[in-house]
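Heads up: the structure comes next, in structure tokens.
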Amino acid sequence: MGFWCPQTLGGLHFAHVRHGGLFFGATTEGDASPFTIIEFLNRLVTLLRDFCGPLNEKSLGMNLGLVGELLEELDFGHIQTTSPEVLRSLVQSEPEAPKPFSLLDLGSVGLFGAETQQSRVVPGGAATRPLPPPRGDQPLKSEVFVDVLERLSVVIAANGTPLKVDVQGEIRLKSYLPPCTELRIGLTEEFCVGKSELRGYGAPVRADEVWFHSSVRLDEFGSGRVLRVTPNPGEMTLMQYQVMDELPAPLPFRLFPSLDTEIRLYLKLRCDLPPKSLSQELSSPDQAAELELSSRSIRWDIPKMQGGSQLSALFKLEVPVLGPSWRLELGPAHGSFELPAHSCSGLRVRFLRLSGPPGQRWVRYLSHSDSYVLRL
Amino acid sequence: MPYLGGEEVQRELRRALSNPHVQADPARYRGAVLRVIRLMAQGADVSGLFPEMVKAGAVPDVVQKKLVSFYVRAQAPRQPQLALLAVNSLRKDCAHPSPAVRGLALRTMCGLRMPGIQEYLQQPLVSGLRDKASYVRRAAVLGCAKMVKMQGDCEVDGALVNELYSLLRDQDPIVVVNCLRALEEILKKEGGVVINKPIAHHLLNRMPDLDQWGQSEVLTFLLRYKPRSEDELFDILNLLDGYLKSSSPSVVMAATKLFLVLAREYPDVQADVLVRVKGPLLSACTSESRELCFTALCHVRQILRSLPGHFSSHYKKFFCSYSEPHYIKCQKMEVLCELVNDENVQQVLEELKGYCTDVSVELAQGAIFAIANIARTYTEQCVGILTELLGLQQEHITSAVVRAFRDLAWLCPQCTDAVCQALPGCEDTIQDSEGKQALIWLLGTHGEKIPNAPYVLEDFVENVRSESFPAVKMELLTALLRLFLARPAECQDTLGRLLYFCIEEEQDMAVRDRGLFYYRLLQAGVEEVKRVLCSPKSDPSLGLLGDQSKQPVNAWALEFNTLATVYGRERWALATAQQPVEPSFSCSPAAGSRSRDTESLVSEGDKEVLEVHADAPVSEGNKELLKAHPDAGSLSLIPDVSLSAEQFEKTWLSLDTSCQLCLPWCGPVHADTMQTALRVVHIQTIAMSRAGAQPWKAYLSAQDDSGCLFLTELLLQAADSELQVSVKQNEAKPEALQSFISALRTVLEAVAGLES
């Protein structure tokens, strides 16, 4: 949507969503539910990713037949099913991956679904490969990925007090397991929902609201914080949660600005994460800063920052005429970062057990900034 | 469409497709078919390969069959004779042992858009409906809808409809939903599928088997069902309760809507549902999918219309984040304005202040207007912030702030002093027409409180030759004349020069006319000028009326979870205006007769127009209505109804809108003409915006001899070329309403005709 502005033409309404530079559109004649349209388009994107691997113009073009087969199952514009398992029995083209490895493509390899700034994540493209065809000749590589993704949206006042803290988290599962494998996922024992509940002896890990996928069985959730699920192959969101206002750990970054009358901006950025014991990096990270005139902002790039460390920068701005309210014009700083192997809410996956034959299991954590505003 | 080398490529592909060696190797055969499809997707002409492709569809490979099916469906309308070739092999496939092939063949056949296909379809569809594989039944059910659609006007086969109704009891949940969809399509003319008590309860029981799409669709179908008794209603609501907690937003919203509509007589239940939907809506508002976020924000605004403050404790959720696109930021600012209360006003203003210096002009001005909006309640703090912003001396900011000040001075007279103190110095920064007009208006109207007002206006007069906007010149004339009344000594000379310029040198006729008018007015004496020009300087009551007052939930329950909410009411009205008007909405007949009406009235001239009464010319659509109700024309309005603005406001807020319609309108409204015209038919004007205000509004009232009150709002949005009319009635009398509306329409159309 320039906006997701539905547009009309002769009584036909157009809607679209955008994913990674591709537009997925739908038309509707009547007064359809906007939530259904959007949710379906988003679902379609996930499905295409399940079936064709990483999504881009090229892979869609190569898998034209496959995409056609998928859309075919929406008969006459009526959604028949979007369950990957059912679809997999109906869709028989095999995915064609674009050249599996190219140095140039490395940048696009990342966690599935998370639109993150730089994704350098352990098993690389493993989780973005398409699902295997139902009766492939090669034995299935049994693997499961559980990702704990958190998006932070934070506003910190000039004096350092957090004004708004909001964490949107979700546990995503991508399964390449043989069907009918039950998965038991144990979460932190101290995980409690709502303000009043108190569990365990450690520091509580709170979530204000939690939603589960309809296929998650919660009979052991009350006692042991265990989620039981028999995943269909493909991607699903097991659980979503949100945490407001109170976090167990301090916020990852703080900024100490100081300003004097000549607009000299001295910024001190501190990372309050616990320092990793032995992995001290001795050399200072490569930083860069540049002035972007189009957005009238300074961009300060820090490739890597250790927990507990501190960085500082001094910017001097020269303005031809200084108005009386120049301080107003000095907008807030926006942080944009990614914290691998860290969850801000403190939620951890204690264990991950498979009922059937053993398989490769991956648990990954990633927190990234949705909006991290540090007022000056 | 054939592009360079198209012929060549086609010939080569034909050779490949008919080569026995290729045909013997499934992988190569499929590859060749795939190439054809790829070319087709790129827009190349591949119609010449039809016979070869049909032949390629007769292989056992299902994938290849599917590919051929795409091809055949796309090409059939262009080559109906050849398409019959395909029908034969497809009919054979309909008896294939594999359900996937049978289903595909049915779908393909139903997708051939060519005349005469129906006779081939009938038999396979009927056997498809009774197939033992659910996959085939699903395709067959939808196939019925496609077939009926292709038949066009022919009568619907009753046996088929019955068969589909009986398939609602099918084992397979998707077949059930497809039956609903197909029946809806087939019975469109008769108002869609009928949901009676057994069907409704059957569907409710099947709900747990459906997937989210099916659930949200069935929930929408259930909106048609009206429970017979209170007990039944609450039984249904209990059954539906779980769907409010679904993890899919579309199911939650569909369930919410059903609750709101079913419980239309139980405001407590509605309020409770809206509390429960808060969580899912808020999480959609912070969703990673921008589009979902936008949709949810639109619904939040909808709810706020009835329950202001519903989301107040969550105001932080609506703070904008840096990377969000404009359309979301603007929605969020609108929401923030509506959430303000005593506790959070400080934080909200602090946040909005940050947006005012955004790089994007549109966004910065939006934030300034949002603050101005809040200023109607929290005047002092907001005026402080706005004044501070003037210090930035940036063109777009100053212009927006001054415009905001003008509206504030009009709506909240108590802040006039603060505004006047902030104004000096602004004139150097403002360049655009709107900003200049606002500044000049303020200087003219409140000039006695601004020491240097005459000199600022003098500067404008000095530069009037290079002024490119006529509207600014008009505003300047009025402002200077007004200021002259307050401070004659300082303004006399300047006013003389300006009048001279306008009358002698100005090219724009409107400006010149205004100059001449003022000149002659001055000749009539200062007392006369005062009588004409000293209108009120502020009108707080209009602000109160203009505020979107609390709407009942039922006013929008039917719009919830539809595109209407996302478009916004005005734009939705525009978007649907192109379609034929639906019966439920048609107090106004179709556009055609509307314009004819206007024409005839214009030719009849003013006199005729002013004699318009309730039984005056009515449009054809209404005539029919009047025939149907013989006593409808006998509406007589009482000439003098004494209704004060306060009484009006109270009554207005307590009533639901009985009728809404749009009339074509262009240009500004001339208040006097309209008032006179309305008075002739005994419609009183209670309040009216200044000419040129945006949006322009007027409130009217009338009463008939039986004591029934008609309250009317006229609304003219800046961007539209339509006047929106909403009428409320204190007693439900449809015939009287019809005649009142036709009288009102006639007058308004006549006024519109005079002005254009």
Side-chain angles (χ1 to χ4, degrees), chain A residues 1-6 8 10-11 13 17-18 28 31-36 38-42 64-65 68-69 72 75-76 78-83 90 92-93 115 151 153 155 163-164 166 168 209 211-214 240 242 295-296 323-325 328-329 331-332 334 336 370-371 373 375, chain B residues 34 37-38 41 62-63 66-67 70 100 107 138-139 142 145-146 174 178 181 211 213 216 220 246-250 253-254 279 283 286 288-292 294-295 316-317 319 321-325 327 347 353-354 357-359 388-389 391-393 561-567 575 578-579:
Chain A
M1 317 182 209
F3 128 52
W4 179 68
C5 188
T8 38
H13 306 281
V17 302
R18 219 185 125 173
T28 171
D31 198 4
S33 150
F35 281 98
T36 312
I38 300 293
E39 202 183 331
F40 169 70
L41 286 173
N42 285 335
L64 192 70
E69 275 195 78
E72 172 79 27
D75 196 1
F76 204 32
H78 294 302
I79 308 169
Q80 300 291 295
T81 176
T82 54
S83 134
L90 298 173
Q92 306 188 346
S93 301
E115 281 170 21
R151 288 184 299 134
S153 90
V155 180
L163 292 177
K164 166 194 174 184
D166 203 353
Q168 302 285 328
E209 287 190 65
W211 296 270
F212 295 100
H213 190 272
S214 51
Q240 285 173 287
Q242 61 174 359
S295 59
R296 291 195 301 178
S325 345
L328 260 185
E329 248 184 301
H334 298 273
S336 149
D370 185 34
S371 153
V373 179
R375 290 199 183 142
Chain B
L34 197 57
I37 302 293
R38 218 162 259 167
V62 181
V63 178
K66 282 190 189 172
L67 293 174
F70 296 144
R107 266 209 302 265
R138 293 174 195 171
L142 288 181
K146 292 182 215 173
I174 298 178
N178 279 355
R181 292 160 169 162
D211 65 352
W213 318 113
S216 56
T220 314
S246 164
S247 65
S248 147
S250 67
M253 295 307 152
S283 86
T286 44
E288 230 175 333
S289 160
R290 306 286 189 212
E291 294 81 13
L292 189 62
F294 181 85
T295 313
K316 283 179 185 169
K317 290 263 180 193
F319 283 3
S321 87
Y322 178 66
S323 49
E324 274 166 350
Y327 57 85
Q347 285 87 330
K353 193 167 124 184
T357 48
D358 197 278
V359 187
E388 205 180 338
L389 288 170
L392 289 169
Q393 295 181 338
N561 194 20
T562 64
L563 289 177
T565 307
V566 179
Y567 274 103
Q578 301 146 358
Q579 295 170 5

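- For Ala100(B), no part lies under 4.5 angstrom from a heavy atom of chain A.
- In terms of heavy atoms, Ser247(B) sits closest to Ser214(A) at OG-N, 4.3 Å.
- Neither the backbone nor the side chain of Ser153(A) comes within contact range of chain B; no heavy atoms are under 4.5 Å apart.
- In terms of heavy-atom pairs under 4.5 Å with chain A, the best-connected choice from Glu324(B), Lys353(B), Lys317(B), Gln347(B) is Lys317(B).
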_Working for side chain to side chain contact (heavy atoms under 4.5 Å, CB included), residues Gln80(A) and Leu142(B)_ = CA-CA 11 Å; Gln80(A) 300 291 295; Leu142(B) 288 181; 3.3 Å; yes
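- When all heavy atoms are compared, the tightest approach of Ser216(B) to Thr36(A) is OG-OG1, 4.0 Å.
- Between the Lys316(B) side chain and the Leu163(A) main chain, a donor and an acceptor come within less than 3.5 Å of each other.
- To the nearest 0.5 Å, atom CD of residue Gln168(A) and atom OG1 of residue Thr286(B) are 3.5 Å apart.
- Contacts of Ile37(B) with chain A are made by both backbone and side-chain atoms, with heavy-atom separations under 4.5 Å.
- The contact between Ser248(B) and chain A is made by backbone and side chain atoms together, counting heavy-atom distances below 4.5 Å.
- Going from atom CZ of Phe319(B) over to atom CG of Asp166(A) covers 11.0 Å, rounded to the nearest 0.5 Å.
- Between the side chain of Glu39(A) and the main chain of Ser250(B), a donor-acceptor pair closer than 3.5 Å is present.
- Residues Phe40(A) and Trp213(B) come closest through the heavy atom pair CA-CH2, 3.3 Å.
- Taking Glu69(A), Glu209(A), Arg151(A) one by one and counting their heavy-atom pairs under 4.5 Å with chain B, the maximum is reached by Arg151(A).
- Separation of atoms CZ (Arg181(B)) and CD1 (Ile79(A)) is listed at 6.5 Å; rounding is to 0.5 Å.
- Each of Thr565(B), Thr357(B), Asp211(B), Leu67(B) has some count of heavy-atom pairs under 4.5 Å with chain A, and the biggest count is that of Thr357(B).
- Minimum heavy-atom separation, Thr295(B) to Pro34(A): CG2-CB, 3.5 Å.
- If you measure heavy-atom distances from Ser323(B) to chain A, the contacts under 4.5 Å come from the side chain alone.
- In terms of heavy atoms, Phe35(A) sits closest to Pro249(B) at CD2-CB, 4.1 Å.
- Only the side chain of Asn178(B) comes within less than 4.5 Å of a heavy atom of chain A; its backbone N, CA, C and O stay farther away.
- A heavy-atom distance below 4.5 Å is found between the side chains of Ile38(A) and Ser289(B).
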